[in-house]
Amino acid sequence: MAMNNMNQFSSGEIKHGVSDGAKREPGIAPFVTKTYDMVEDPNTNSIICWSSSGTSFIIWDHNRFSFEVLPKYFKHTNMSSFVYQLNNYGFKKIGLQKWEYGHYWFQAGKKHLLCNIKRRMKNLNAHRDFNQETYFYGVEEEMRSQRDLNVTLKSEFEKLKERQDDMVKGIASLKEYLEKSEAESRKFLCFLAKAVKKVVATKRDVEVRDVITSKRRAEDVTGSSKSSEKKKMTDFSAIKRVYDIV
């Protein structure tokens, strides 16, 4: 399947080498010329462009590159075939974090150097490079997936931490509320105890006062009775003395 794509890539490269608007320079392979023109096109800088040093090029969006840029130059959308051809012409991938490729004779503004880029012979090294590039592609995809997973896990962890912080704050607020409620309850119970004690003392004082008043009234009544009897006896004795004299 991969070799069929390579053959399709090569046939498309030769058949459409001039009609696609890429001027064929003598001694320069059509693939190299077309790749240079792709990188040079300012209209696709958001997809593919030169690096800041101008000694390599970067494919920022390989999906858009496959479906929007490649068909304009090679009449196919096979990213793997394009990478395979890059390896055949001696291009090297720079790093694993992005799609960046470089070649000593492939530099911005120096198209005359492209004649030094030659196609490698089809041997085991080409297949090895293709397999290595495929492996790196898989590793990069795995790393991207792992990074996305890490970002998701980090976001979930931060949400859980926020919830935990909210719960801690809620518990602290509830504890403070309970402590205030308990203090208010103690104050109310103290006030109620003092009020009851005061009422009981007042009632006792009233009862004692009533008892004393009743006793005094009883004593007053008893004293009055004794005085009347004594007066009556005195009057009777006086009357008796008068009769005795007569």
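A chain of hydrophobic side-chain contacts below 4.5 Å, direct or via other Ile, Leu, Val, Met, Phe, Trp or Tyr residues, connects V32 to W50. When the side chains of ILVMFWY residues are joined at heavy-atom separations under 4.5 Å, either directly or via intervening members, W99 and F67 end up in two distinct hydrophobic clusters. Both M79 and V39 belong to a single network of hydrophobic side chains, linked directly or stepwise wherever heavy atoms of I, L, V, M, F, W or Y lie under 4.5 Å apart. Hydrophobic clustering (ILVMFWY, side-chain heavy atoms < 4.5 Å, transitive): Y101 and W105 are in one cluster.
A donor-acceptor pair under 3.5 Å is absent between the side-chain atoms of K111 and the main chain of A108, judged by distance alone. Side-chain atoms of S185 come within 3.5 Å of backbone N or O of S181 as a donor-acceptor pair. Side chain of D41 to main chain of D37: no donor-acceptor pair is present (N/O by atom type, distance under 3.5 Å, no hydrogens or angles). In this structure a side-chain-to-backbone donor-acceptor pair under 3.5 Å is missing from S56 to E100. Proximity of a side-chain donor or acceptor of H103 to a complementary backbone N or O of Y89 within less than 3.5 Å is detected.
Across every non-hydrogen atom of L70 and N78, the tightest pair is CD1-O, 3.9 Å. Minimum interatomic distance between T44 and M38 (heavy atoms only, all atoms of both residues): OG1-O, 3.6 Å. A pairwise comparison of heavy atoms in I94 and G102 identifies CD1-N, 4.1 Å as the closest pair. Closest heavy-atom contact between R64 and S46: NH1-OG, 4.0 Å. For the residue pair P71 and T77, the shortest heavy atom distance occurs at CG-CG2, 3.6 Å.
In this structure, OG1 on T152 lies 12.5 Å from CZ on R147, to the nearest 0.5 angstrom. A distance of 8.5 Å separates CD of Q146 from CG of L153, quoted to the nearest 0.5 Å. Taking CD1 of I48 as the reference point, atom CD1 of I59 lies at 4.5 Å (rounded to 0.5 Å). Interatomic distance, N45 CG to I58 CD1, rounded to the nearest 0.5 Å: 11.0 Å. Atom CD1 of I171 and atom CG of D166 lie 11.0 Å apart (nearest 0.5 Å). Separating the CD1 atom in I28 from the NE2 atom in H112 is a distance of 10.0 Å, to the nearest 0.5 Å.
At least one side-chain heavy atom of E156 sits less than 4.5 Å from a side-chain heavy atom of K159. Under the 4.5 Å side-chain criterion, counting only non-hydrogen atoms from C-beta, Y104 is not in contact with I117.
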For this session: Report the C-alpha distance between Q85 and N88 in whole Å, list the side-chain angles of each, state the deciding distance to 0.1 Å, and finish with yes or no for side chain to side chain contact (heavy atoms under 4.5 Å, CB included).
Result: CA-CA 5 Å; Q85 288 294 77; N88 283 341; 2.9 Å; yes

For this session: Check the pair L114 / F106 against side chain to side chain contact (heavy atoms under 4.5 Å, CB included), numbers first and verdict last.
Result: CA-CA 6 Å; L114 299 182; F106 194 87; 3.6 Å; yes

Problem set entry | side chain to side chain contact (heavy atoms under 4.5 Å, CB included) evaluation trace for F57 with F91 | CA-CA 10 Å; F57 67 91; F91 285 81; 4.0 Å; yes

Exercise. So L160 and Q164, side chain to side chain contact (heavy atoms under 4.5 Å, CB included) or not? Walk me through it.
Worked result: CA-CA 6 Å; L160 289 175; Q164 183 181 14; over 6 Å; no

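For K161 and D165, the salt-bridge test passes: some basic side-chain N is under 4.0 Å from an acidic carboxylate O. Under 4.0 Å is where a charged nitrogen must lie from a carboxylate oxygen, and between K180 and E184 no such pair does.
Classified by interplanar angle (parallel below 30°, tilted 30° to 60°, perpendicular above 60°), the ring pair F82/F74 is tilted.
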